[in-house]
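Note that this is a predicted model, so its numbers are computed, not measured.
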Amino acid sequence: MSRSLRALLAGAALTVLAACAGMQTAAPTPAPEAAAPAASADYTQLIADLRILSADDMEGRDTGAPGGERARAYIVSRLDALGVVAPPMGRLQPWEMQGRTREGPRTFNGINILAVIPGTRATDRYIVITAHYDHVGVNDGQIFNGADDNASGVATALEIAARLKAAQPEHSVIFAFLDGEERGLLGARHFVEAPPVPLSSIALNLNFDMTARAETDMKLWVTGTYQNPTLRPLLEPIAAENGVSLAFGKDTPQDTGNNNWVEASDHAAFYRAGLPFLYLGVDYHPDYHRPTDDFEKVTPAIFAAATELSWRSFQALDRGMSR
């Protein structure tokens, strides 16, 4: 997640929030959903994905760096092993864009990773699940492993991909593992500029960024229901999981500065394009954007609970949206 974008763009975002309301049509509110016990699922692969992507040998997964290339190869291998196919444009979406560094602007060469699972009902309407796999690399000799930011979101998205191979979704789903988020949402911007399907066919962007460390307030935050109010009734009935519950906000005119997340991560590119979006992530914690954001700081049961909530949120949206 990009801290500087939060502060820089939040003010501009507030001036156009009201214009984006009502972009999505929803079916009637579903009945309250009973919590599925976390013990009923096997989270071994989820935790392994988090550990591998945030290991020292990934060198902080910086865009254009060898560590980022290794992370990309791992994600591709996971998708291939799951049997999740690439869209017609191919598995990899390379791009070249100018981004930011501590020293000033610089041109980056990044690569997004794409996958698609066809739907059963709204086959020509797509839910685009995004999670950025890059982090900030190595700075002053220290590796910034980015376990929560955002190896966690990638692991959550891979878990959802595995489940959708076993239970096909109603909407078609595109998975976009994006590069260059930390350098200015570069991969997301390129995805929207050169999408694998027409933008008009995208029903929703569901963005996962920092899904592991909910212990700060035991909440997985959902940002974007202020802009897309018909989506909130689909998610409100979802019960807490192992003490972690969904919370709605950080998207209103009253949310200012770093407390407004409307343009804080890759969903901002979809928002700017006028597309419905929701962002799921945890609140700030002391290891955010520090070299201490390590795998060992993650409580597996809390991460598993947040991922279960993410899965059930996807299910509610997939089933509840009319198109």
Should the ring pair H135 and H289 be called parallel, tilted or perpendicular, given that the plane angle runs from 0 to 90° and is split at 30 and 60?
perpendicular
Mind checking whether Y284 and Y288 have parallel, tilted or perpendicular rings, split at 30° and 60°?
perpendicular
Taking the side chain as every heavy atom from C-beta outward, state whether [X] and [Y] have any atom pair closer than 4.5 Å.
| X | Y | answer |
| --- | --- | --- |
| I117 | P169 | yes |
| V222 | S313 | no |
| M321 | L231 | yes |
| P300 | Y43 | no |
| R290 | Q142 | no |
| Y226 | P253 | yes |
| I160 | I129 | yes |
| S172 | D124 | no |

Could you tell me the separation between the [atom1] atom of [X] and the [atom2] atom of [Y], rounded to the nearest 0.5 Å?
| X | Y | atom1 | atom2 | value |
| --- | --- | --- | --- | --- |
| F144 | S54 | CZ | OG | 14.5 Å |
| L278 | L206 | CG | CG | 6.5 Å |
| Q254 | N259 | CD | CG | 11.0 Å |
| L234 | T230 | CG | OG1 | 7.0 Å |
| Q168 | T123 | CD | OG1 | 10.0 Å |
| L280 | W261 | CG | CH2 | 10.0 Å |

Could you give me the CA-CA distance, side-chain angles and deciding distance for E181 and D209, then say whether side-chain contact (heavy atoms from CB on, under 4.5 Å) is met?
CA-CA 10 Å; E181 190 268 357; D209 193 349; 3.6 Å; yes
According to a hydrophobic-cluster definition based on side-chain heavy atoms being under 4.5 Å apart (Ile, Leu, Val, Met, Phe, Trp, Tyr only), do [X] and [Y] belong together?
| X | Y | value |
| --- | --- | --- |
| I113 | M58 | yes |
| V282 | L53 | yes |
| F248 | L204 | yes |

Would you call [X] and [Y] a salt bridge, taking side-chain N to carboxylate O under 4.0 Å as the test?
| X | Y | value |
| --- | --- | --- |
| D140 | R102 | yes |
| R183 | D62 | yes |
| R100 | E182 | no |

Test side chain to side chain contact (heavy atoms under 4.5 Å, CB included), reference R91, set I75, L114, L79, output is L79
Single hit among I127, I174, L275 for side chain to side chain contact (heavy atoms under 4.5 Å, CB included) with I202:
L275
Can R72 and R61 be said to form a side-chain contact (heavy atoms from CB on, under 4.5 Å), step by step?
CA-CA 9 Å; R72 181 166 60 252; R61 308 186 306 278; over 6 Å; no
Just to verify, what does Y133 make a ring-ring contact (aromatic ring centres under 6.0 Å, His included) with, not counting sequence neighbours?
none
Return the set of residues passing ring-ring contact (aromatic ring centres under 6.0 Å, His included) with H267 (not counting sequence neighbours), or none when no residue passes.
F277, Y279
Strictly by salt bridge (charged side-chain N to carboxylate O under 4.0 Å, His left out), give each pair with a member in residues 152-166 just once, sequence neighbours left out.
E159-R163, R163-E308
Any salt bridge (charged side-chain N to carboxylate O under 4.0 Å, His left out) involving residues 227-237? Give me the pairs, sequence neighbours left out, ordered by first then second residue.
R232-E236
Determine yes or no for a side-chain-to-main-chain donor-acceptor pair under 3.5 angstrom, with [X] supplying the side chain and [Y] the backbone.
| X | Y | result |
| --- | --- | --- |
| H132 | D266 | no |
| T225 | N228 | no |
| D179 | I111 | yes |
| N112 | G187 | yes |
| H285 | R213 | no |
| N260 | D251 | no |
| S245 | A240 | no |
| Q93 | A194 | yes |
| D149 | M210 | no |
| T211 | S152 | yes |

Write out all pairs satisfying side-chain hydrogen bond (donor to acceptor under 3.5 Å, both in side chains) with one or both partners inside residues 192-206, taking only residues at least two apart or from two chains.
T130-N205
Please collect all side-chain hydrogen bond (donor to acceptor under 3.5 Å, both in side chains) contacts where either partner lies in residues 293-303, sequence neighbours excluded, each pair once.
N145-D294, D287-K297
Determine whether S310 and T156 satisfy the following criterion, side chain to side chain donor-acceptor pair (under 3.5 Å), listing intermediate values before the conclusion.
CA-CA 8 Å; S310 300; T156 293; 5.0 Å; no
Given the rule in the side-chain contact (heavy atoms from CB on, under 4.5 Å) test, do F175 and L164 qualify, once you have shown the distances and angles that lead to the verdict?
CA-CA 11 Å; F175 289 88; L164 291 182; 4.0 Å; yes
Checking V173 against Y126 for the side-chain contact (heavy atoms from CB on, under 4.5 Å) test, could you report, in this order, the C-alpha distance in whole Å, the side-chain angles of both residues, the deciding distance, and whether it holds?
CA-CA 5 Å; V173 177; Y126 293 85; over 6 Å; no
With [X], which residues qualify under side chain to side chain contact (heavy atoms under 4.5 Å, CB included), at least two apart?
| X | answer |
| --- | --- |
| E170 | T120, R121, D318, R319 |
| Q45 | A48, D49, Y74, R78 |
| V85 | V116 |
| D217 | K219, W221, D283 |

Judged by modelled atom types alone, do D255 and T252 share a side-chain donor-acceptor pair under 3.5 Å?
yes
Hydrophobic cluster mates of L186, side-chain heavy atoms under 4.5 angstrom, ILVMFWY only, any path?
W95, M97, F108
By the ring-ring contact (aromatic ring centres under 6.0 Å, His included) test, which pairs, at least two apart or in different chains, include something from residues 302-323?
none
